[in-house]
Structure formats: C-alpha cells, structure tokens
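Chain identifiers are assigned alphabetically (A, B, ...) following the order of the sequence lines, protein sequences preceding nucleic acid strands; residue numbering begins at 1 within each chain. Everything quoted here is computed from the prediction, not taken from an experiment.
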Protein chains: 2
Amino acid sequence: MPLIKVKMLEAEGGQGAVKPTGRKRARAQTRIQREKQEVILEAALDVFSREGFRGATIDQIAEAAGMSKPNLLYYFPRKEEIYKRLMTAMLDVWLAPLREIDSDGDPVTELRSYIRRKIEMSRDYPRQSRLFANEMLQGGPRVLDVLETDLKGLVDEKVQIMEGWMDAGKIVRTDPYHMIFSIWATTQHYADFDVQVRAVLGKDRGGEGRFEDAARYLENLFLHGLLPKER
Amino acid sequence: MPLIKVKMLEAEGGQGAVKPTGRKRARAQTRIQREKQEVILEAALDVFSREGFRGATIDQIAEAAGMSKPNLLYYFPRKEEIYKRLMTAMLDVWLAPLREIDSDGDPVTELRSYIRRKIEMSRDYPRQSRLFANEMLQGGPRVLDVLETDLKGLVDEKVQIMEGWMDAGKIVRTDPYHMIFSIWATTQHYADFDVQVRAVLGKDRGGEGRFEDAARYLENLFLHGLLPKER
DNA sequence: CAGAAATTTGACCAGTTGGAAAAAACGTTA
DNA sequence: TAACGTTTTTTCCAACTGGTCAAATTTCTG
C-alpha cells in the first residue's frame with residue numbers, strides 16, 4: 001500500500017479524453033486514450049527531466065511524442081497536469097525501496113539491499129530521478145506539502161527502525177536522518193550527475209559497469225568506512 | 001593557480017559596457033560598470049540556479065537586479081553570456097576544496113577537512129551548487145568539454161594521491177573515483193536538496209544546525225562506516 | 001560649466017509560448 | 001450505412017520571449 005499517493009491526484013480535471021464529454025457520466029478510457037497518454041507521459045518525462053517545468057515546452061513534448069500540440073492538449077488540457085501526473089507516479093516508484101526496508105530483517109542485509117535497489121533505480125530510471133531533482137532545485141513548489149507530510153511520515157517510520165537497530169547494537173549509533181540522506185545522495189548522484197560521472201571516469205571506465213562499481217564501493221563505504229580496521 | 005579557468009572565458013564579447021565604443025582601445029571599467037555587473041550576476045545566480053538556463057528569463061533577472069531589461073542588456077548583451085560568466089566563476093570556487101587536498105598531509109585530516117569544506121560550501125553557496133546541478137541535469141551542454149578536460153584532469157591528479165594513501169595502508173583500498181563522487185554527492189545534497197532535507201527534518205531539526213549535524217555524521221560515515229567496530 | 005562619454009529609458013519587433021475554437025476526419029456500433 | 005462519439009488538424013490568439021534602436025538622461029572630465 002503506497003503511502004505516497006497524495007492530493008496531487010487532483011491533477012485529473014479537464015475535458016478532452018479524461019472526462020469525455022460535457023456533463024455526461026465519465027466513460028471508460030478507450031485503447032487509444034490509454035496508449036496516447038502513455039506515449040505523452042513518456043515523452044514528457046524526457047523533456048521535463050531535462051529542462052524542468054518552466055524550461056520545457058508543450059511543443060517539445062508534442063514533438064517527442066510524435067503528435068501535434070493541439071492533439072496533445074486534447075489528452076492533457078494543461079501542461080501542469082502532465083507534470084503533476086509524472087510527479088506522483090515518480091514519487092510512488094521512487095520511494096518503493098525505502099518502503100521495503102523491513103524492521104524484522106537483518107540490518108546489514110537490509111541496508112545492503114536498500115543501497116542496491118537505489119543504485120538500480122538510478123541505472124534503470126534516471127529520468128525519474130532527474131525529474132525529482134529538478135523539482136527540488138526549484139524549491140519543490142509543486143510537492144512541498146507532500147514532502148512535509150507523506151515523505152516525512154515515511155522517513156520517520158524508517159528512522160524508528162534504524163534506531164531500533166542502534167539500540168540492539170547492530171549498527172553504530174548515529175543520526176538516522178542523515179544516514180538516509182547520505183544513501184539518497186550517493187545513489188541518486190549516479191542518475192542526476194550522470195554526465196559528470198561519465199566525463200570523469202572517461203571512456204574506458206564510464207561504461208555500464210560503473211553502476212556495479214558504484215554499488216560495490218558504496219556497500220563498503222556504508223558498512224566499513226574508509227579507515228582500515230586495524231591500525 | 002586555478003586549473004579550471006577555461007575556454008568559457010570567451011563569454012566576454014559584446015559592445016555595451018564590456019567593450020566600450022566601436023573599435024577604440026578597450027577602456028578600464030567604470031565604477032558603475034563594476035557595480036551593476038555585480039548586481040546582475042547576483043540576481044542571475046538566483047534565477048538561473050532555480051530555473052535553469054531555459055527556464056530563466058531576462059525579465060526575471062532584470063527585475064531581481066532592480067533594473068530594466070534593456071538596461072541589463074547594456075551590460076550583458078546576451079542571456080548566454082551572463083550564464084557563462086556564472087558557470088566559470090562557480091566552477092572555480094566550487095572546486096577549490098578539491099584542489100586544496102594535499103598529498104603530504106595526513107590522510108585522515110585531509111579527508112576530514114575536505115568533507116568539512118564541502119559542507120561549508122553547501123551552506124554558504126547553495127545557489128552555486130544548484131546552478132551546477134541544474135546544468136548537469138540538462139546534460140551539461142555548456143560545460144561538458146570542461147568536465148572532460150579540466151575537471152577530469154584535476155580528479156585524476158587527486159585520485160593518484162588517494163592511491164598513494166592506499167598503498168601506504170593509510171586508508172582502505174577502494175575505488176578512488178567513486179570515493180570522490182560519494183563525497184561530492186553527500187555534501188552537495190545539502191544544497192541541492194535543501195527543501196527536501198528541511199521538509200524531512202521538520203521545524204525543530206531543520207535549523208541551521210543541520211549542517212553541523214551533517215558534517216559530524218559524514219565524518220563518521222566516511223571514516224568508520226555504520227558497522228560497530230567489535231561485534 | 002561645457003562637452004563628451006556613459007547610462008538609462010521607452011518604443012518596438014519578430015519569434016515563441018500555452019492554450020482556445022471549430023471544423024474535419026475517423027471509428028464504432030445499432 | 002447512418003449517426004454518433006472520438007480523435008486529429010487547422011487556424012487563431014494574447015501574452016511572453018530575447019533582443020534592437022534611438023532618444024533622453026546622467027555622470028565624468030577638463
């Protein structure tokens with residue numbers, strides 16, 4: 001049960017495809033509607049994640065989706081609704097790994113696989129990560145309330161689990177909030193700063209293997225740190 | 001001697017203030033020119049770091065700078081030049097801490113103070129961080145070459161230092177590139193994702209103290225990891 | 001202070017932007 | 001196949017965009 005479902009769902013509104021005709025009873029979506037909406041959202045993810053909300057234009061999205069602007073507007077009557085749809089969908093997917101952290105699991109295993117999953121997300125859904133990053137850079141005007149309620153709630157919940165692990169001496173006593181931040185930061189970095197990562201690694205090391213390297217490095221960092229065990 | 005000075009300096013061009021009149025010999029800048037350019041760059045940093053290059057408008061910048069658009073264009077004849085100026089200045093400041101890493105210093109001290117400095121940068125110059133992040137999200141079209149040459153060069157240099165430390169058994173043998181990435185990621189996170197950090201920490205813990213907390217947590221993470229020393 | 005140079009303003013422009021409206025084309029089903 | 005609902009296209013618009021230009025104003029310098 002996704003905790004982050006949220007009030008942004010109010011994005012629906014409009015007439016075109018979503019709320020078919022006039023005041024009649026809403027009809028089930030046609031095949032075309034489902035397909036085209038999918039194509040549009042896919043194209044919009046591309047554009048919004050690169051340019052941000054203001055920087056993206058409906059024309060760009062329409063072109064990427066292979067249709068005319070008015071045609072696109074038939075499915076999503078305003079730019080903002082496409083964006084909102086993407087944001088809710090993204091948040092839902094994006095936080096799944098955090099939700100999966102299990103208080104009953106072995107702390108080391110749980111942390112390890114959380115890091116793994118987050119790196120895999122950066123590898124497999126980099127645009128979603130960038131979409132979110134873009135929103136954050138702008139000060140999160142369209143998701144701030146969600147962050148303060150749903151996200152904070154979810155994090156608080158997981159923080160308690162970690163405090164339990166600390167009490168049990170399974171992990172070192174430290175700040176659980178910053179712990180979570182550091183996992184987010186290090187893993188999402190590989191999506192958000194992908195260009196930089198590849199530029200610095202160079203042609204030879206910048207291949208797909210970089211995600212595996214990153215995962216291995218991060219596991220060690222988080223578990224053991226950089227200092228040798230015996231000195 | 002800043003390694004990152006770069007070809008972007010070609011940003012200069014134009015007529016207005018920068019290259020005073022016609023083909024005459026370039027004259028020294030007046031007081032007003034220096035002042036206004038400063039005001040403009042300050043305002044532009046605000047806008048660009050929030051909206052990205054495309055999302056920002058000259059009007060917004062002009063208003064933030066308290067002047068009319070044509071007046072602003074008198075000092076910087078095109079939008080792109082303001083942006084380039086900001087980018088070079090930012091890169092220079094932003095990479096200073098990395099340059100300072102000293103191969104002769106004590107590894108632990110050096111790493112510690114690198115992390116410290118980076119966190120302080122995020123606290124004191126968050127907009128510069130966001131400006132850079134924005135550029136990265138867009139795929140770095142205006143700095144890619146700089147990253148591939150100057151930045152990579154600088155990083156390679158520091159990577160060697162770290163390999164030296166590993167050879168000497170001072171720090172654990174690990175991937176030095178990802179090591180640097182993880183320091184960048186964790187520290188810059190506090191500037192780039194500031195909204196999120198504050199939303200999750202909540203009113204009580206989201207005050208200025210968060211940077212000190214972050215620094216303390218990160219020092220421990222990087223040196224010792226999350227696992228207890230003896231189990 | 002006069003004159004020149006530097007700065008600021010207002011009017012303007014062509015291209016882009018988000019979006020509306022209506023008509024045309026298409027698909028489905030009674 | 002006729003009628004209806006769905007989808008697409010064409011045309012259009014007002015606001016905004018980056019930028020120009022000449023005239024007006026202010027500041028500096030001798």
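- Between B:I61 atom CD1 and D:dT17 atom C1' there is a gap of 12 Å when expressed in whole angstrom units.
- Rounded to a whole Å, the CD1 atom of B:I40 is 11 Å from the P atom of C:dT7.
- Here C:dT8 is the nucleotide among C:dG19, C:dT8, D:dT9 with the atom lying nearest to any side-chain atom of B:K36.
- More than 12 heavy atoms of other residues, nucleotides or ligands sit less than 6.0 Å from atom CZ of B:F211.
- Residue A:E148 qualifies as enclosed at atom CD: its count of foreign heavy atoms under 6.0 Å is above 12.
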Legend entry - Worked check of salt bridge (Lys or Arg N to Asp or Glu O under 4.0 Å) between A:D192 and A:R130: CA-CA 5 Å; A:D192 302 342; A:R130 285 186 213 120; 5.5 Å; no
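- We find that OH of A:Y83 is positioned 18 Å from P of C:dT17, with the value rounded to whole Å.
- Considering only side-chain N and O atoms, B:R78 lies nowhere under 4.0 angstrom from the phosphate OP1 or OP2 of D:dG18.
- The nearest whole Å value for the distance from the CZ atom in A:R54 to the C1' atom in D:dG18 is 13 Å.
- Across all strands, B:A56 comes closer than 4.0 Å only to sugar-phosphate atoms, never to a base (heavy-atom distances).
- Separation of atoms CG (A:L218) and CD1 (A:I115) is listed at 6.5 Å; rounding is to 0.5 Å.
- Residue A:K69 is in base contact, counting any heavy-atom pair closer than 4.0 Å across all strands shown.
- Under 4.0 angstrom from either OP1 or OP2 of D:dT6 there lies no side-chain N or O belonging to A:Q33.
- The side chain of A:P70 has D:dT9 as its nearest neighbour among D:dT20, C:dT7, D:dT9.
- In this structure, A:Y74 atom OH and D:dT6 atom P are separated by 7 Å, rounded to whole Å.
- Residue A:T57 is in sugar-phosphate contact alone, with no base atom involved, counting any heavy-atom pair closer than 4.0 Å across all strands shown.
- When rounded to the nearest whole Å, the span between CD of A:E63 and P of C:dG18 equals 14 Å.
- Close to C:dT8, at under 4.0 Å from its OP1 or OP2, lies no side-chain N or O of B:S68.
- When the P atom of D:dT10 is taken as reference, atom CG of A:L73 falls 16 Å away, rounded to whole Å.
- If A:N71 and B:I58 are placed on DNA chain D by their nearest nucleotide, the residue sitting closer to the 5' end is A:N71.
- Figure legend: cation-pi geometry between A:R123 and A:Y190 absent, as NZ or CZ is not positioned both under 6.0 Å from the six-membered ring centre and within 45° of its axis.
- Distances from the side chain of B:K79 to the nucleotides C:dG18, D:dT7, D:dG19 place D:dG19 closest.
- Nucleotide C:dA20 holds its C1' atom 15 Å from the CG atom of A:L72, rounded to whole Å.
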